[in-house]
Amino acid sequence: MTTATEEISVFIVDDHGLLRGVMAIALESMDGVRVAGQAANGRQAVEAVVEIRPDVVLMDIVMPLLDGLEATRRIQRECPQTRIVVLTAAARVETVFDVLRAGAVGLVSKAADLAELERAIRAVARGETYISPELAGPLLVSLAVRSDLDRQDDLALLSSREREVIQLIGEGQSTRDIAGGLVISPKTVAQHKANIVKKLGLRGAQDLQLFAAKQSLASQTVQ
């Protein structure tokens, strides 16, 4: 996670060379943003990102050799500190869920303008989660269909502190940030996460991130 004064290194992954070039020029025009490299497919991306370890990866989904979702999973296993923003033209709820489950913390529509892309990059570099409004909309509708009672049944299984941790995860905070905010050790935060995963029957850290993001977005629908 970077601070407001640190340079943000960004790696571009897309199988269209012209688009990569245009994006690189656009990114270099942003204050405090540096293009760390480019890749034309997911396989190249994983190899390069593991070596370079940029702050942010802009990831296309549909690519040859290895698609963006699998590349995201592999990068997150090897470089958990690298924040991945997926670029997509699809506004389907399943796409949003798949992207979050893979470990991405950002989802930007390919119809977005340069200003929104910059907002997304800076947000995820700060440790936040970013989803384009037009992509979040279908997800919010889907979550709204689920009743508040069902949501409360899930959360009722958790302690008060565990519910705090879920909220902070949904807000995009890292383990270190959560520990600082709650005045507990990172080890204790990790234990809370493990307890939540066990109580809710989740499959691991990626499902925990998805569950927390869904709770955060669902809460927004009733505000």
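Because only heavy atoms are used, hydrogens play no part in the values below, and waters and symmetry mates are left out as well, while side chains stay in.
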Minimum-distance pair of heavy atoms, taken over all atoms of [X] and [Y]:
| X | Y | answer |
| --- | --- | --- |
| A24 | V35 | O-CG2, 3.7 Å |
| T72 | G103 | CG2-C, 4.1 Å |
| A45 | F11 | CA-CE2, 4.3 Å |
| R53 | C79 | NH1-SG, 3.3 Å |
| R20 | A39 | CD-O, 3.4 Å |

Are the side chain of [X] and the backbone N or O of [Y] linked by a donor-acceptor pair below 3.5 Å?
| X | Y | answer |
| --- | --- | --- |
| R83 | V124 | yes |
| S132 | S109 | yes |
| Q209 | L100 | no |
| D55 | S9 | yes |
| T82 | P54 | yes |
| R176 | P186 | no |

Using the rule that two of Ile, Leu, Val, Met, Phe, Trp, Tyr join whenever any of their side-chain heavy atoms come within less than 4.5 Å, decide whether V62 and L66 are in one cluster.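 Same hydrophobic cluster.
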Examine V56 and L114 and state if one hydrophobic cluster contains both, with Ile, Leu, Val, Met, Phe, Trp and Tyr joined whenever side-chain heavy atoms are less than 4.5 Å apart.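 Same hydrophobic cluster.
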Start with the C-alpha distance between R43 and E47, add both sets of side-chain angles, then the distance that settles salt bridge (Lys or Arg N to Asp or Glu O under 4.0 Å), and finish with yes or no. CA-CA 7 Å; R43 189 175 298 170; E47 293 176 357; over 6 Å; no
Nearest-0.5 Å distance, CG of residue L107 to CD1 of residue I61: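 That separation rounds to 7.0 Å.
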Please, which pairs that meet salt bridge (Lys or Arg N to Asp or Glu O under 4.0 Å) have at least one residue in residues 107-120, sequence neighbours excluded?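 Output for this query lists D60-K110, E118-R122.
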